[in-house]
S.K.: 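Next up is a structure, given as structure tokens.
Each chain gets a letter, A, B and so on, in the order the sequences are listed, and its residues count up from 1. Here the structure is a predicted model, which means the values were calculated and not measured.
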Protein chains: 2
Amino acid sequence: MALEIPEVVINRLPIYARALAALAEQGETVVSSQALGQALDVTPAQIRKDLSYFGRFGKQGRGYNVPGLLTRLREILGLDRQWHVCVVGVGRLGQAIVEYGGFGPQGFQIVAAFDADPAMVGRRVGGITVRAATELDGFLHNNRVDIGVVAVPAAVAQQVVDQLVKAGIRAILNYAPMTPHVPRDISIRHIDPVIAMQSMTFYIKLAEGGGK
Amino acid sequence: MALEIPEVVINRLPIYARALAALAEQGETVVSSQALGQALDVTPAQIRKDLSYFGRFGKQGRGYNVPGLLTRLREILGLDRQWHVCVVGVGRLGQAIVEYGGFGPQGFQIVAAFDADPAMVGRRVGGITVRAATELDGFLHNNRVDIGVVAVPAAVAQQVVDQLVKAGIRAILNYAPMTPHVPRDISIRHIDPVIAMQSMTFYIKLAEGGGK
DNA sequence: TTCCGTCTGTTACGGATTTCACAACCGGAG
DNA sequence: CTCCGGTTGTGAAATCCGTAACAGACGGAA
Ligand SMILES: NC(=O)c1ccc[n+]([C@@H]2O[C@H](COP(=O)([O-])OP(=O)(O)OC[C@H]3O[C@@H](n4cnc5c(N)ncnc54)[C@H](O)[C@@H]3O)[C@@H](O)[C@H]2O)c1
Ligand SMILES: NC(=O)c1ccc[n+]([C@@H]2O[C@H](COP(=O)([O-])OP(=O)(O)OC[C@H]3O[C@@H](n4cnc5c(N)ncnc54)[C@H](O)[C@@H]3O)[C@@H](O)[C@H]2O)c1
């Protein structure tokens with residue numbers, strides 16, 4: 001609406017929302033920025049400033065209304081709708097993703113899965129039927145799909161991403177161990193446990209004494 | 001050695017290393033910061049600055065020696081050693097992690113897996129035998145384990161993290177959808193596809209026109 | 001050897017992000 | 001009704017980070 005909102009702020013909002021959901025489940029009705037910050041290892045000022053980009057949700061002397069703030073955050077992030085997701089690559093990882101029960105309850109509905117391997121096509125995985133990779137373009141043009149999950153080998157990931165982008169996908173979740181190129185107006189996030197570990201080893205080594 | 005190196009810089013190094021490994025495999029022997037930056041969607045200045053924290057690895061007029069820089073980065077990150085990893089929680093996700101062939105070649109050896117479910121204990125998964133969760137403490141005290149992977153339900157994740165930390169683990173890769181509390185000298189990274197999607201929806205919504 | 005185009009390492013700058021600090025505010029106690 | 005402990009929202013200050021720019025170095029051409 002008004003300001004340009006820093007991307008780091010947007011990236012923190014889902015964390016806040018998740019914590020608020022947990023508090024709501026415990027029956028908490030109000031929370032201060034201090035209490036929330038303590039739970040999330042974030043400074044209270046950070047939380048207040050982040051939220052202030054979007055409005056004034058708290059009450060001085062009290063804190064924030066838990067269900068109220070949760071609802072607002074969900075509106076801001078667009079989590080009050082259903083999002084359509086497709087998965088490309090139904091190998092080991094792709095199957096695990098399709099079968100994972102954690103997306104649906106959060107509003108991310110897996111509406112299709114594609115694989116290039118004829119042996120995979122037609123099989124039912126986690127309630128949906130695997131389609132041929134050749135059907136990808138057609139499907140995306142005839143159905144609204146918001147987010148594409150890329151779970152193919154790195155060697156073909158760029159090609160798959162290009163297909164998704166050309167077909168009008170707005171966001172990509174990439175599991176392949178490479179950095180695909182996407183236009184600036186497409187969101188992309190990477191999930192890579194190896195990369196995550198490889199930055200932690202630096203600090204382990206440092207703690208051991210920097211040297212050997 | 002000298003300066004305090006920003007964590008963002010450390011987090012980018014594995015990405016550089018991965019790209020260099022790909023170039024090396026293609027037989028490339030030199031690369032400029034410009035070329036590398038183009039491949040990774042990072043500015044050349046960023047790459048040069050990042051590397052300059054650690055030394056002078058390039059040659060003016062030429063660029064960087066690919067295998068040489070890769071070797072140096074691997075040394076800096078500690079990727080020239082073998083790291084011992086344990087997995088806690090061998091459910092769907094934990095099994096997929098243990099069976100995933102992508103860790104070993106990168107020097108991350110899964111040396112043990114633990115589960116609280118008696119039905120799971122004793123089974124062989126991906127070449128290792130699942131141990132009882134009660135053995136966790138003992139195992140960690142008798143064996144060097146560098147990194148713990150947490151793949152248990154969110155409700156018990158904090159408890160598992162506490163156990164790992166108390167037993168002297170230095171780094172944790174957390175797959176549970178919550179933010180466990182860890183001491184400042186322990187590294188932790190989170191992998192959560194739902195959170196990743198939940199920040200992208202903000203931008204999809206924005207692109208659709210901010211409104212509806 | 002000299003010249004030229006290229007590319008690094010580094011410093012200086014500016015923008016982005018976080019932290020600080022406090023006025024304004026809230027609701028309850030007395 | 002007033003006071004008080006507690007907490008927000010927010011500018012200003014401080015810090016962190018990325019970008020720009022250029023001197024100096026390199027290798028090849030001639
Ligand atoms: N980030 C993670 O946590 C993680 C974990 C495991 C694997 N991975 C990565 O995910 C990817 C898949 O891993 P995996 O273990 O499932 O591999 P896999 O070989 O089991 O599965 C890959 C699947 O992609 C299919 N495929 C190939 N080309 C395709 C195309 N053009 N269109 C559609 N489908 C195509 C193959 O037929 C296969 O079924 C790899 O890049 C791997 O490195 C990531
Ligand atoms: N980040 C992701 O990509 C991703 C994907 C799927 C699941 N998850 C998360 O990972 C976790 C595991 O998911 P899942 O689908 O494998 O669930 P799951 O129920 O199949 O497996 C959980 C396992 O943990 C074991 N366990 C429970 N308490 C334990 C303890 N104290 N010590 C050791 N083991 C214990 C259980 O016996 C079970 O085998 C969940 O928190 C889930 O939300 C994350």
Side-chain angles (χ1 to χ4, degrees), chain A residues 1-16 19-20 23 28-70 72-73 76 179 184 199 202-203, chain B residues 1-13 15-16 19-20 23 28-73 76 179 184 199 202-203:
Chain A
M1 275 137 215
L3 270 328
E4 190 68 26
I5 293 148
E7 179 161 347
V8 275
V9 172
I10 301 301
N11 291 338
R12 279 191 293 265
L13 297 187
I15 309 285
Y16 300 163
L20 288 166
L23 289 171
E28 299 289 334
T29 58
V30 336
V31 68
S32 66
S33 59
Q34 174 145 102
L36 190 57
Q38 209 133 21
L40 293 174
D41 259 321
V42 171
T43 66
Q46 175 97 267
I47 293 173
R48 294 202 300 277
K49 178 132 257 210
D50 286 351
L51 296 178
S52 77
Y53 281 101
F54 301 95
R56 309 164 57 131
F57 307 124
K59 281 216 174 76
Q60 283 101 329
R62 295 279 292 159
Y64 300 89
N65 177 281
V66 171
L69 181 56
L70 178 55
R72 278 305 278 119
L73 283 182
I76 290 164
T179 310
R184 228 176 315 289
S199 63
F202 175 85
Y203 292 102
Chain B
M1 272 139 218
L3 270 326
E4 192 68 28
I5 294 148
E7 180 162 345
V8 275
V9 172
I10 301 301
N11 292 337
R12 279 191 293 266
L13 297 187
I15 309 284
Y16 300 162
L20 288 166
L23 289 170
E28 299 288 334
T29 59
V30 334
V31 68
S32 66
S33 59
Q34 173 145 102
L36 190 56
Q38 208 133 24
L40 294 175
D41 260 320
V42 171
T43 65
Q46 174 100 264
I47 292 173
R48 294 201 299 275
K49 185 121 198 276
D50 286 351
L51 296 179
S52 77
Y53 281 102
F54 301 95
R56 309 165 56 130
F57 307 125
K59 281 218 174 75
Q60 283 100 330
R62 294 280 291 162
Y64 300 89
N65 176 280
V66 171
L69 180 56
L70 178 55
T71 299
R72 280 302 282 121
L73 283 182
I76 291 164
T179 309
R184 229 179 314 291
S199 64
F202 176 84
Y203 293 101

S.K.: Once you apply a heavy-atom cut-off of 4.0 Å, does A/R56 come out as touching a base, just sugar-phosphate, or nothing?
M.R.: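 Contact class for A/R56: sugar-phosphate only.
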
S.K.: For the residue pair A/F54 and A/I5, establish whether any side-chain heavy-atom pair is separated by less than 4.5 Å.
M.R.: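 Yes, their side chains come closer than 4.5 Å.
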
S.K.: Quick one: are A/L36 and A/Y64 in side-chain contact, heavy atoms under 4.5 Å?
M.R.: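 They are not in contact (no side-chain heavy atoms under 4.5 Å apart), so the answer is no.
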
S.K.: With the side chain of A/R48 defined as its heavy atoms from C-beta on, choose the nearest nucleotide among D/dC26, C/dA21, C/dT19.
M.R.: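 Closest of the options to the side chain of A/R48: C/dA21.
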
S.K.: A/S32 side chain: which of D/dT8, D/dG18, C/dT19 is closest?
M.R.: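 Comparing D/dT8, D/dG18, C/dT19 against the side chain of A/S32, the answer is D/dT8.
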
S.K.: Pick out which of A/L69, A/L73, A/N65 makes a side chain to side chain contact (heavy atoms under 4.5 Å, CB included) with A/F57.
M.R.: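 When side chain to side chain contact (heavy atoms under 4.5 Å, CB included) is applied between A/F57 and each of A/L69, A/L73, A/N65, only A/L69 qualifies.
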
S.K.: Both A/R62 and A/T43 contact DNA chain C. Taking the nearest nucleotide for each, which residue is further toward the 5' end?
M.R.: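 That would be A/T43.
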
S.K.: Quick check for you: among C/dT18, D/dT10, C/dG9, whose closest atom lies nearest to any side-chain atom of B/S52?
M.R.: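 That would be C/dG9.
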
S.K.: Rounded to the Å, how far apart are B/K59 NZ and D/dG24 C1'?
M.R.: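 Checked: the NZ to C1' distance equals 16 Å.
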
S.K.: Find the distance A/I47:CD1 to C/dC20:P and express it as a whole number of Å.
M.R.: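 Rounding to the nearest Å, CD1 of A/I47 and P of C/dC20 are 14 Å apart.
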
S.K.: Looking at side-chain heavy atoms only, is the closest gap between B/V66 and B/L20 below 4.5 Å?
M.R.: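 Counting from C-beta outward, B/V66 and B/L20 do come under 4.5 Å.
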
S.K.: Separation of A/Q60 atom CD from C/dG27 atom P, in whole Å?
M.R.: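 Whole-Å distance recorded here is 10 Å.
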
S.K.: I'd like to check B/Y53 versus B/P6 (side-chain heavy atoms, cut-off strictly below 4.5 Å). Are they in contact?
M.R.: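 A side-chain contact exists here, since the closest heavy-atom pair is under 4.5 Å.
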
S.K.: Please pick, from D/dG18, D/dC17, C/dG27, the nucleotide with the shortest atom-to-atom distance to any side-chain atom of B/K49.
M.R.: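 Looking only at side-chain atoms, B/K49 lies closest to D/dG18.
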
S.K.: Starting from P on C/dC20, measure out to CD on A/Q46 and report it in whole angstrom.
M.R.: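 Taking atom P of C/dC20 as the reference, CD of A/Q46 is at 11 Å.
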
S.K.: Without decimals, in angstroms, what is the distance between B/N11 CG and D/dG18 C1'?
M.R.: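 Roughly 16 Å, once rounded to whole Å.
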
S.K.: Can you tell me the distance, in whole Å, between the OH atom of B/Y53 and the P atom of C/dT11?
M.R.: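 It works out to 12 Å between those atoms.
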
S.K.: Grab the CD-P distance between A/Q34 and C/dC20 for me, whole Å please.
M.R.: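 Answer to the nearest Å: 13 Å.
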
S.K.: How long is the line joining OH of B/Y64 and C1' of C/dT6, in whole Å?
M.R.: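 Atom OH in B/Y64 sits about 13 Å away from atom C1' in C/dT6.
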
S.K.: Counting only side-chain N and O atoms of A/S33, is one of them less than 4.0 Å from OP1 or OP2 of D/dT8?
M.R.: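 It does, given that an N or O in the side chain of A/S33 lies less than 4.0 Å from OP1 or OP2 of D/dT8.
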
